[in-house]
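Small disclaimer: the values here were computed from a predicted structure and weren't measured. Letters go in sequence order (proteins before strands), and every chain restarts at 1. Hydrogens, waters and symmetry mates play no part in the numbers below; they use all other heavy atoms, side chains included.
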There are 2 protein chains.
Amino acid sequence: MEIELQIKMNEKLFLKNPEQSELGRKIIMHSIEMIHQHGFEAFTFKKLAETIGTTEAGVYRYFENKHRLLIYIVAWYWTWLEYQVTYRTNNISDPVVKLKMIIQLLATTVEDDLSTSYVDESLLHQIIITEGSKTYLTRRVTEDNKDRLFKPYKDLCAHIADIILECNPAYAYPKSLASTIIEMAHFQNFFMNNLPSLTDFGRDKDAYQIINFLEDLVFNSVTAKVQ
Amino acid sequence: MEIELQIKMNEKLFLKNPEQSELGRKIIMHSIEMIHQHGFEAFTFKKLAETIGTTEAGVYRYFENKHRLLIYIVAWYWTWLEYQVTYRTNNISDPVVKLKMIIQLLATTVEDDLSTSYVDESLLHQIIITEGSKTYLTRRVTEDNKDRLFKPYKDLCAHIADIILECNPAYAYPKSLASTIIEMAHFQNFFMNNLPSLTDFGRDKDAYQIINFLEDLVFNSVTAKVQ
DNA sequence: TCATTATTGATAGTATTACTATCTTTCTCA
DNA sequence: TGAGAAAGATAGTAATACTATCAATAATGA
């Protein structure tokens, strides 16, 4: 029996659901490849259309513009990652162990066990690191937020915040700490590889050191005695 | 006697030094206003030229493109902020107090005491929050880094890392903690105002709570007993 | 099986952006 | 006075980010 993970996306993210047609899936698959390879600013619908053998207009039938497509891809990733988090922590009772597992999932590329056919999660992870924050660092955040485009990210953050509170119900900043963990798992990775003097991992370029840093940061705060 | 703070910028940042002409200073001043008001993506050299009464070609004589102009503005800010940090901590001996001062400078809009004529630092602070990371989240980071365009940011980070080590010479992640403080001072501010559920400050929207969060985070780590 | 509808393909066209080039005027200062 | 630098004026190009239209084809269901 093959189990296929189906992720249901917010309908505001697209004009026509890309999961429901061959062309749609090709758009997603090759967008990920192209954004990964050349970066989001160099990515255009025209180039995408050419590589998948359709026309610009064809792509515009699925996505309003490339920013929406980026949000779609990023939202997909967060939804998928929250599934991974739930799946891999559901048999763990100790919230500290849970939190460590989450930090690991955030900071390293998750090896996918279920088949999600046309999406390459390890490329996606790299995209999220470099392009993820561009989804919300715009003038349209508020509007996009009203359309609930960032819900997967917010859900994951809330999930992590809950586990932080399980570790210590008196901790005062669970949500801010959660968003700090998420962002820093990525920024420290980007810095390590591109601006290494902003980190302590430039020599080894080892993602596991980022995990150590984040664990140190998180558990010293969460398990601190109240002064 | 009037003291004017002169900030000397890396020459790779511009084609012609904007500080040395009326037009150049107008370019900087109005770029800041326009980017602040409409965001970096909506900002174009053509619109800028129109508002300051010159032509597109006129602006291109100073800056290669709008991305370089953004890097210039951001680099200016970091240079200025490091001056503020140095100035306001130089009579403090306790590194913990120093670090608290730095967190405050990062998380709140600094009231400028010296006149830096044509630059509005409080607008700049807002720009850095929303647009700052776009300077390096590109495919050209490595190249731009070789041109030393990010030196002011890296210098500030190194400066903060040194103070962290003064607090605790055994702390293992001074540079990563420094970059975390800088980035989170801004991201938590952005989230607080735009995606409040990612923070614990959504209700009050008070920058001083960000300071509390960062102090808690930093000092629990830096002053932690080795386990 | 035929008609309806959805989907895609093909082509064209527009406004804006991101530049580059050139030539003239103005301003400075030696 | 006159050489050189800075700025203004104008033009033009390639690419981007779309929108519109119409024909061809595939899927569906009565």
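- Positionally, the nearest nucleotide of DNA chain D for B:Lys16 lies more toward the 5' end than for the other of B:Lys16 and B:Thr55.
- Among the nucleotides D:dC18, C:dC19, C:dA10, the one closest to any side-chain atom of B:Glu56 is C:dC19.
- By the neighbour-count criterion of 12 heavy atoms within 6.0 Å, atom CZ of B:Arg139 is densely surrounded, having more than that number from other residues, nucleotides or ligands.
- A:Lys46 comes within contact range of no nucleotide atom at all, as no heavy-atom separation falls under 4.0 Å.
- Looking only at distances, no side-chain donor or acceptor of A:Lys16 sits under 3.5 Å from a matching main-chain atom of A:Tyr60.
- Here the P atom of nucleotide C:dT17 and the CG atom of B:Leu69 are 16 Å apart, to the nearest Å.
- In this structure, B:Phe63 places its CZ atom 15 Å from P of C:dT20, rounding to the nearest Å.
- A:Tyr62 comes within contact range of the sugar-phosphate backbone alone, with a heavy-atom separation under 4.0 Å but no base atom that close.
- Contact annotation: A:Thr54 side-chain N/O to C:dT8 OP1/OP2 distance is not under 4.0 Å.
- The distance between atom CZ of A:Phe45 and atom C1' of C:dG9, rounded to the nearest whole Å, is 18 Å.
- The CG atom of B:Leu69 sits 8.5 Å away from atom CD1 of B:Ile32, with the distance rounded to the nearest 0.5 Å.
- Going from atom NE2 of A:His67 over to atom P of D:dC18 covers 12 Å, rounded to whole Å.
- Nearest nucleotide to the side chain of B:Thr44, out of C:dT8, D:dT16, C:dA18: C:dA18.
- If you take CZ of B:Arg25 and P of D:dA6, they are 13 Å apart, rounded to a whole angstrom.
- For B:Phe45 and B:Phe63, the ring centers are positioned 6.0 Å apart or more.
- Taking CG of A:Leu217 as the start and CG of B:Leu217 as the end, the distance is 4.0 Å to the nearest 0.5 Å.
- In this structure, the CZ atom of A:Phe43 is 12 Å from the P atom of D:dC18, given to the nearest Å.
- Residue B:Lys66 is the one, among B:Ala57 and B:Lys66, whose nearest nucleotide of DNA chain C lies closer to the 5' end (criterion: closest heavy atom).
- Spacing between atom CG of B:Leu23 and atom C1' of D:dA5 amounts to 14 Å, rounded to whole angstrom units.
- Picking from D:dG8, D:dA6, C:dA10 the nucleotide with the shortest atom distance to the side chain of A:Arg61 gives C:dA10.
- Note on A:Gln20: nothing from the nucleic acid sits closer than 4.0 angstrom, heavy atoms only.
- In this structure, A:Leu15 places its CG atom 16 Å from P of C:dA6, rounding to the nearest Å.
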